[in-house]
Amino acid sequence: MSATTADRGGDPNLSIVVPCYNEAAVLRALYTRLAAACAAAGESEFEIVLINDGSRDNTWEVILGLCKHDRRVTGVDLSRNHGHQLALSAGLALCRGRRVLVIDADLQDPPELLPEMMRLMDDGADVVYGQRRSRAGEGRFKTLSATGFYRVLQRLADVSIPVDTGDFRLMRREVVDLLNQMPEQHRFIRGMVSWLGFNQVALPYDREARGTGETGYTLRKMVRLGLDAITGFSTAPLRFATYLACSFLVIAIMLAIYDVFALILGGTVRGWASMFLALLVFSSVQLFCLGMLGEYVGRIYIEARRRPLFIVKELYRAPGAAASRLPEHGLVAERDLVPEPGK
């Protein structure tokens, strides 16, 4: 263990990072199950970091209530909706634990797996990630599309990204510190963790159905996450665009040869259908290649601006609780809502 991460006085052994978007209905049940899971794992000194990602319901008010109820709960209120991956990045940047559990607020990933995850880490794992055997309560389209996406990504990505895995995982502080140093804006955290390497161990489990509320991951957000995953970890789409352009160049040459022989043999072109069909095909290929190139150029432009990943509007920690870590790639507009005693 590095000198920067070992034996930091006052740091809890475990942090639990939970991004929240419109999760007011489930947060109290989440807290109860997380506390019970920590007790089952033999952890009494832990912190739960709840990140409000611009929720439109009373999620922040519920988080504040939990913070006042238990000093081990830290509330982070982002200035707007940044998206799941950036909200998660904010929590990872602010948490202090020597081990960090990442879990979604919807309780589809069971907190009760924490003791087994801790045991696997005790046995030498640096990252223990949940790998889904089944996905209860999800439609056939989402299940099939997710299954297909992970397998396509595994084939295209430059690093091995395990299939059927989300962000549900337990990580050592060394891994989290390195992850926090990665500044890219378009984040696919499960892929970034895979890229870091270390000893990563799978824990198979059955994903539960969502208890209450509706998922914040719309089809549009899932498509965007998929684009971030593929373009962030593979240049295969650029190569595919090149191969496609070369293939149609060969077809164009063959058509040119055909036209020359048709002219020599006295054949004539009847109508405009074939011409417009060829124009449509070649134009579509060109636009596709330009669009794919634009995806990468757009990401270069966004990275070049070097804007912070997230902005924390309010940070709530109970009086007497140890100070949260300052984020490296984010901004905190408000250090504390409740000051330390005596201040």
Side-chain angles (χ1 to χ4, degrees), residues 2 4-5 15-19 49 51 53 76 78 82-95 97-104 109 117 121 125-132 146 149-203 217 221-238 295-296 298-300 302-310 325 327-330:
S2 67
T4 59
T5 58
S15 292
I16 304 173
V17 177
V18 189
V49 182
I51 307 98
D53 186 26
V76 180
L78 300 184
H82 286 68
H84 180 273
Q85 298 293 284
L86 292 183
L88 176 54
S89 298
L92 291 173
L94 291 166
C95 71
R98 298 180 181 91
R99 296 179 179 183
V100 179
L101 174 69
V102 175
I103 188 170
D104 288 340
D109 301 322
M117 289 178 154
M121 190 159 284
D126 297 302
V127 176
V128 181
Y129 59 88
Q131 191 165 44
R132 302 160 183 163
F149 163 73
Y150 283 116
R151 281 146 185 81
V152 169
L153 178 62
Q154 189 180 52
R155 288 183 174 275
L156 295 181
D158 299 326
V159 297
S160 178
I161 301 177
V163 300
D164 302 324
T165 60
D167 294 315
F168 180 42
R169 62 192 62 222
L170 180 69
M171 298 179 285
R172 289 190 188 274
R173 167 52 58 183
E174 295 92 332
V175 177
V176 175
D177 284 344
L178 290 172
L179 186 62
N180 288 336
Q181 294 176 40
M182 301 171 70
E184 56 251 49
Q185 295 275 341
H186 292 275
R187 301 172 79 80
F188 185 64
I189 290 178
R190 66 203 73 168
M192 295 165 67
V193 175
S194 297
W195 182 88
L196 287 172
F198 294 93
N199 182 22
Q200 305 200 17
V201 178
L203 177 60
Y217 255 114
K221 290 183 178 180
M222 288 190 292
V223 170
R224 173 53 59 185
L225 181 65
L227 283 175
D228 289 342
I230 293 173
T231 55
F233 292 92
S234 175
T235 57
L238 290 176
E295 284 288 334
Y296 284 89
R299 280 158 172 73
I300 294 172
I302 291 173
E303 296 294 341
R305 292 185 299 186
R306 308 297 294 174
R307 290 181 179 174
L309 297 179
F310 53 85
R325 299 155 56 86
E328 184 174 355
H329 299 294

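All heavy atoms count here, side chains included; hydrogens, waters and symmetry mates do not.
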Enquirer: To the nearest 0.5 Å, how far apart are CD1 in I103 and CZ in R169?
Expert: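 The CZ atom of R169 is 12.5 Å from CD1 of I103, to the nearest 0.5 Å.
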
Enquirer: How far apart are the closest heavy atoms of M182 and W195, and which atoms are they?
Expert: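 For M182 versus W195, the nearest heavy atoms are CE-CE3, 3.8 Å.
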
Enquirer: Looking at side-chain heavy atoms only, is the closest gap between V175 and Q200 below 4.5 Å?
Expert: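 In short, these two side chains do not touch, never coming nearer than 4.5 Å.
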
Enquirer: Say you draw a straight line from CZ of R98 to CD of E174; how long is it, rounded to the nearest 0.5 Å?
Expert: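 Those atoms lie 11.0 Å apart.
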
Enquirer: List the atom of V128, the atom of M121, and the distance in Å for their closest heavy-atom pair.
Expert: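 Reported closest heavy-atom pair: CG2-N, 4.2 Å.
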
Enquirer: If I compare all heavy atoms of A125 with all of N199, which pair ends up nearest, and what's the gap?
Expert: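 Result for this residue pair: CA-ND2, 3.6 Å.
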
Enquirer: For D126, give me all partners under side-chain hydrogen bond (donor to acceptor under 3.5 Å, both in side chains), at least two apart in sequence or on another chain.
Expert: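 If we apply the side-chain hydrogen bond (donor to acceptor under 3.5 Å, both in side chains) test to D126, skipping adjacent residues, the hits are R172.
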
Enquirer: Between CG of L92 and OG of S15, what distance do you get to the nearest 0.5 Å?
Expert: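 Going from the CG atom of L92 to the OG atom of S15 covers 9.5 Å.
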
Enquirer: For a quick test of reading the model, state the closest non-hydrogen atom pair linking P19 to V17 and the distance between them.
Expert: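 Reported closest heavy-atom pair: CD-O, 3.9 Å.
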
Enquirer: Any side-chain to backbone donor/acceptor pair from D53 onto L78? Under 3.5 Å, distance only.
Expert: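 Judged by distance alone, no pair lies under 3.5 Å.
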
Enquirer: Can you check side chain to side chain contact (heavy atoms under 4.5 Å, CB included) on L88 and R187, steps first, answer last?
Expert: CA-CA 10 Å; L88 176 54; R187 301 172 79 80; over 6 Å; no

Enquirer: Within a strict 4.5 Å, meaning less than it, do heavy atoms of the L170 and Y129 side chains meet?
Expert: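 Not in contact.
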
Enquirer: Taking the side chain as C-beta and beyond, is there a heavy-atom pair between R173 and C95 under 4.5 Å?
Expert: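 A side-chain contact exists here, since the closest heavy-atom pair is under 4.5 Å.
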
Enquirer: Using every non-hydrogen atom in the two residues, find where A202 and Q131 come nearest and quote the distance to one decimal.
Expert: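 That closest heavy-atom pairing would be CB-OE1, 3.6 Å.
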
Enquirer: For L178, which residues count as a side chain to side chain contact (heavy atoms under 4.5 Å, CB included) partner, sequence neighbours excluded?
Expert: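 Side chain to side chain contact (heavy atoms under 4.5 Å, CB included) list for L178, sorted by chain: Q181, L196, F198.
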
Enquirer: Rounded to the nearest 0.5 Å, how far does CG of L203 lie from OG1 of T165?
Expert: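 If we round to the nearest 0.5 Å, T165:OG1 and L203:CG are 12.5 Å apart.
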
Enquirer: For residues V49 and I51, report the shortest heavy-atom separation together with the two atoms involved.
Expert: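 Of all heavy-atom pairs spanning V49 and I51, the closest is O-CD1, 3.6 Å.
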
